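A quick note: this is a predicted structure, and the numbers were derived from the prediction, not measured. Counting convention: from 1, in listed order, for ligands and their atoms alike.
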Amino acid sequence: MNIIVCMKQVPDTNEVRINQETGTLIRDGVPSIMNPDDKNAIEGALALKDLHGGHVTILCMGPPQARDALNEALAMGADEAILLSDRAFAGSDTWATSTILAAAIEAIGNYDIVFCGRQAIDGDTAQVGPETAEFLNIPQVTYVKDIKLEGDKVQVTRYTEYGDYVMEVKTPLMLTAIKELNEPRLPSVRGIFKAYSEDNVKVWTMDNLKIDPTQIGLKGSPTNVFRSFVPVKEKNSHIIEGLNGKEKAAALIGKLSDLKLI
Ligand SMILES: Cc1cc2nc3c(=O)[nH]c(=O)nc-3n(C[C@H](O)[C@H](O)[C@H](O)COP(=O)(O)OP(=O)(O)OC[C@H]3O[C@@H](n4cnc5c(N)ncnc54)[C@H](O)[C@@H]3O)c2cc1C
């Protein structure tokens, strides 16, 4: 079983700060981490490998410092790590990112499962997994919370707000992982030592991919961001004081009545 996991390195924050003048992310002083859902995707791949054998390759498009997250994935137990890094990739939106990831997956070839996280905590679009599956022309199941393998069929449980769907899909396929899928393992001490001392991360550029340069980077990105901003907080909270519920309810009614809301 050959499994490829797409993993993104993201800023370690949910409170993304934006430079008001340039509209770009302020990355200075913000440490980078492996995207949380992608850790679940990696664990999902490693758990399948533990049960059925196989090879797990991690794919990450990003700047040179993303090598760190790839070494973390190797320390967790992945077999191979590839960093897609080229100036031509800079400025890519989700369409262009998926084009590059799909080209890299085609170049690796002979895969059974491609895993993505459901969503990245910085871009937050949840588009890259489904778009990559479309470019590869393979079936996809998103919001995956359980996986069982039987021959060339995968039984997948998909979380929805109305209840869980259990479905059977043939490989090759794309799965996007949510945190309910598993508890990601910690890298072993031996794994950390091996990964960081050997640093076996391969770097791929445009030269490794069959790709139309007009479909990637800023020029190949159909999305235009007109403005990015953090909404200004205009509301203040007010704590209703009181010894017990009755007193607090009376104080709340008084306040609402002062404001002529009741
Ligand atoms: C016009 C425009 C220009 C942009 N320019 C830049 C730029 O210069 N630099 C920049 O960093 N970002 C840039 N971005 C943001 C970039 O498009 C997104 O970071 C990227 O496409 C991923 O989208 P997302 O974060 O919403 O991921 P989601 O779709 O939420 O991610 C879902 C899953 O896809 C996989 N995935 C996503 N991204 C990657 C990746 N890079 N490598 C491997 N797997 C991945 C992961 O498994 C992840 O869990 C730009 C966006 C736009 C619209």
Side-chain angles (χ1 to χ4, degrees), residues 3-14 16 18-19 22-28 30 32-45 56-70 72-73 78 80-105 107-108 113-136 140-144 174-179 181 184 201-205 209 215-228:
I3 308 175
I4 301 172
V5 185
C6 298
M7 179 271 291
K8 185 180 182 190
Q9 195 190 42
V10 292
D12 183 9
T13 177
N14 282 314
V16 174
I18 300 208
N19 180 325
T22 60
T24 54
L25 282 185
I26 300 171
R27 292 182 191 267
D28 288 351
V30 183
S32 295
I33 55 164
M34 189 186 285
N35 181 52
D37 282 348
D38 302 357
K39 260 196 188 169
N40 296 99
I42 293 173
E43 177 58 39
V56 176
T57 305
I58 314 293
L59 203 51
C60 175
M61 184 185 102
Q65 60 264 32
R67 179 184 280 274
D68 212 36
L70 284 164
E72 187 183 342
E80 203 177 341
I82 302 171
L83 174 63
L84 299 165
S85 209
D86 194 307
R87 292 192 79 84
F89 302 159
S92 291
D93 67 359
T94 59
W95 169 277
T97 301
S98 307
T99 303
I100 296 161
L101 290 175
I105 292 164
I108 295 167
I113 298 179
V114 182
F115 257 113
C116 275
R118 175 199 53 159
Q119 193 162 345
I121 57 169
D122 56 347
D124 250 353
T125 66
Q127 290 174 1
V128 170
E131 279 179 0
T132 305
E134 286 301 311
F135 285 131
L136 292 168
Q140 56 175 288
V141 184
T142 53
Y143 287 73
V144 169
M174 161 74 75
L175 303 173
T176 78
I178 55 174
K179 68 177 187 324
L181 177 61
V201 174
K202 294 176 190 151
V203 181
W204 280 11
T205 63
L209 308 177
Q215 294 298 304
I216 59 160
L218 202 54
K219 282 193 182 145
S221 294
T223 320
N224 282 314
V225 180
F226 293 111
R227 190 163 83 97
S228 305

Quiz item: Could a heavy atom of Asp37 be found less than 4.0 Å from some atom of ligand 1?
Solution: no
Self-check item: Pair listing, salt bridge (Lys or Arg N to Asp or Glu O under 4.0 Å) test, anchored in residues 32-42, at least two apart
Solution: Asp37-Arg118, Lys39-Glu72
Quiz item: Could an N or O of ligand 1 be found under 3.5 Å from any N or O of Gln127, whether backbone or side chain?
Solution: yes
Practice problem: Give the numbers and elements of all ligand 1 atoms closer than 4.0 Å to a heavy atom of Met7. | Solution: 42 (N), 43 (C), 44 (N)
Quiz item: Is the backbone N or O of Trp95 less than 3.5 Å from a side-chain atom of Glu131, with the two atoms forming a donor-acceptor pair by type?
Solution: yes
Practice problem: Answer side chain, backbone, both or neither: which part of Thr125 comes under 4.0 Å from ligand 1, heavy atoms only. | Solution: both
Quiz item: Taking distance alone, with no angle check, do Gly91 and ligand 1 share an N/O pair under 3.5 Å?
Solution: yes
Quiz item: For ligand 1, is there an N or O atom under 3.5 Å from any N or O atom of Ser92?
Solution: yes
Self-check item: Nitrogen or oxygen of Ala120 less than 3.5 angstrom from that of ligand 1
Solution: yes
Quiz item: Within the distance-only criterion (no hydrogens, no angle test), does the side chain of Thr176 pair as donor or acceptor with the backbone N or O of Gly117 below 3.5 angstrom?
Solution: no
Quiz prompt | Criterion side-chain contact (heavy atoms from CB on, under 4.5 Å) against Gln9, the qualifying member of Asn35, Ile33, Asp68 | solution = Asp68
Quiz item: So is there a nitrogen or oxygen of Arg118 less than 3.5 Å from a nitrogen or oxygen in ligand 1?
Solution: no
Self-check item: Test of proximity, Gly117 against ligand 1: N or O pairs below 3.5 Å
Solution: yes
Practice problem: Say whether, by atom type as modelled, one donor and one acceptor occur between the side chain of Asn40 and the main chain of Leu181 under 3.5 angstrom. | Solution: no
Practice problem: Would you mind telling me if ligand 1 is within reach of the side chain of Asn35, the backbone, both or neither, using heavy atoms under 4.0 Å? | Solution: side chain
Quiz item: Going by distance only, is there an N or O of Ala126 that falls short of 3.5 Å from an N or O of ligand 1?
Solution: yes
Self-check item: Which residues share a salt bridge (Lys or Arg N to Asp or Glu O under 4.0 Å) with Glu80, sequence neighbours left out
Solution: Lys202
Self-check item: Check: Gln215 side chain, Gly220 main-chain N or O, donor-acceptor pair, under 3.5 Å
Solution: no
